[in-house]
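Input: a single structure, listed below in structure tokens.
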Number of protein chains: 2
Amino acid sequence: MSDPASAPEQVLALDNQTCFALYAANRAMTALYRPVLATLGLTYPQYLVMLVLWEAESREGAVRVSFVGQRLRLDTGTLTPLLKRLEGQGLIQRQRDADDERVVQVALTGKGRLLKAQAREVPGQLLCGSGLDPQRLASLRDELRSLLVLLDEAPSGG
Amino acid sequence: MSDPASAPEQVLALDNQTCFALYAANRAMTALYRPVLATLGLTYPQYLVMLVLWEAESREGAVRVSFVGQRLRLDTGTLTPLLKRLEGQGLIQRQRDADDERVVQVALTGKGRLLKAQAREVPGQLLCGSGLDPQRLASLRDELRSLLVLLDEAPSGG
DNA sequence: TAGATAAATATTGTGCACAATTTAATTTTG
DNA sequence: CAAAATTAAATTGTGCACAATATTTATCTA
């Protein structure tokens, strides 16, 4: 009753919405990455795909399109054109699997592997001079991850 | 040294990135809103614009396009077509300001005002059955907002 | 007051996201 | 083994985001 956030006029107040805080913070974070990633010739989603491939390389080598999709929670409508752009840049190779012609395997090229060295500098570059506290960021990350689990469990209208 | 997150191979690990947690949580949150907002005939960014207008209505009445842009941190490249769609739905009216012909005033229509009543149910609908704790959400919101302040202050490469 | 500068919005072009459908290949079943 | 069902990726279409540029109107300044 005394909670101002549940007063009738506050329920829809923009600044009370967690969803808007999430939306705004995500775009601000992406904007912070943009100029740094531009020096690698990558957009932010392309960078995420490269993270998946660099991580996979140490074990599986090539991975399926659907594997990238599972990791990033993206479908082929997003990934297919994105992967074609990365291939156009010579960072990856896309190849139909001979054993199962439905599958497309995505593998790093030498150039794509080399880019990892430059990418290693990215997280540090962003932290330096950004006034962000690593520990606080890590705890925010953990909080967001547990939110994600809850959102996944939420009934999606079905 | 003993921090696993700063081990060479962990710096680029996808699941260690706060930016990815933010990116994934934002999309999951939007996905949760999508079916609910669809019943109002709105996309998520359109809903945010309506929140701005409903909030402004109680005071200023009509607002400039640039005001909406400041509140949501969006430029006219995003807003102009979005506002045209809302106008096409009959929820808002766009009108050149007679005093300053550079300005476009955005005002709610009767239909747009009526939609607010339905929208009031949205936050509740999303919380119910989503397993989300309001208090925890509020503290996440506050943490995201202070992150946003820091990101705004960060040198943007200029 | 004419010309320069600034301000507000619109336009153009690229790259995501995502729903819905399509295509092609594999697996399952009768 | 053939028809049906399933799976993997691609395609199509809509709607953001955002950089860069253009257009129009207002203001400033010499």
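All values below come from the heavy atoms of this structure, side chains included, with hydrogens, waters and symmetry mates left out. So you know, we letter chains A, B, ... as the sequences are listed, proteins then strands, and number each from 1.
Rounded to a whole Å, the CG atom of B:L74 is 14 Å from the P atom of C:dA10. In this structure, B:D97 atom CG and C:dA8 atom P are separated by 12 Å, rounded to whole Å.
Judged by closest nucleotide on DNA chain C, B:P81 is the one of B:T30 and B:P81 placed further toward the 5' end. Residue order along DNA chain D, read from the 5' end via each residue's closest nucleotide, puts A:L83 first among A:L83 and A:R27. Place A:A28 and A:L79 on DNA chain D by their nearest nucleotides, and A:L79 ends up nearer the 5' end.
With hydrogens and angles ignored, the 3.5 Å screen pairs no side-chain donor or acceptor of A:W54 with any backbone N or O of A:L115. Judged purely by atom type and a 3.5 angstrom limit, A:S58 uses its side chain to pair as donor or acceptor with the backbone of A:E55. Using modelled atom types, no side-chain atom of A:Q10 and backbone atom of A:N16 make a donor-acceptor pair closer than 3.5 Å. Between the A:E143 side chain and the B:L137 main chain, no donor and acceptor come within less than 3.5 Å of each other. Proximity of a side-chain donor or acceptor of B:Q17 to a complementary backbone N or O of B:A13 within less than 3.5 Å is detected. A distance-only check finds a donor-acceptor pair linking the side chain of A:T109 to the backbone of A:G90 [under 3.5 Å]. Judged by distance alone, with hydrogens and angles left aside, the side-chain atoms of B:D75 form a donor-acceptor pair with the main-chain N or O of B:T78 at under 3.5 Å.
One finds no salt bridge joining B:E57 and B:K116 here, because no Lys/Arg side-chain nitrogen approaches an Asp/Glu carboxylate oxygen to under 4.0 Å.
A heavy-atom distance below 4.0 Å to DNA chain D is reached by none of the residues of residues 62-72 of chain B. Within residues 44-56 of chain B, no residue is approached by DNA chain C to less than 4.0 Å at the level of any non-hydrogen atom.
Backbone-only contact: A:T43 has heavy atoms under 4.0 Å from sugar-phosphate atoms and none from a base.
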In a table with atom names and distances, give each donor-acceptor pair under 3.5 Å that connects a side chain of residues 40-53 of chain A to protein atoms at least two apart or in another chain.
| residue | atom | partner | partner atom | Å |
| --- | --- | --- | --- | --- |
| A:T43 | OG1 | A:Q46 | N | 3.3 |
| A:Y44 | OH | B:C19 | O | 3.1 |
| A:Q46 | OE1 | A:T43 | N | 3.1 |

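Applying the side-chain hydrogen bond (donor to acceptor under 3.5 Å, both in side chains) test to every pair with at least one member in residues 87-99 of chain A, sequence neighbours left out, gives these pairs: A:E87-A:R94, A:D97-A:Q105.
Mapping heavy-atom proximity under 4.0 Å, the span of DNA chain D touched by chain A runs 5' to 3' from D:dT7 to D:dA19.
Within 6.0 Å of atom CZ in A:R113, more than 12 heavy atoms from other residues, nucleotides or ligands are found, so the atom counts as buried in its surroundings.
Taking each heavy atom of A:L22 and B:A25 in turn, the nearest pair found is CD2-O, 3.7 Å.
Side-chain N/O atoms of B:K84 include none lying less than 4.0 angstrom from OP1 or OP2 on C:dT9.
Between the CZ atom of A:R27 and the CG atom of B:L151 there is a distance of 12.0 Å, given to the nearest 0.5 Å.
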- Query: How does protein contact run along nucleotides 20-25 of chain C, one letter per nucleotide 5' to 3', with B for base contact, S for sugar-phosphate only, - for none, heavy atoms under 4.0 Å?
  - Reply: -----B
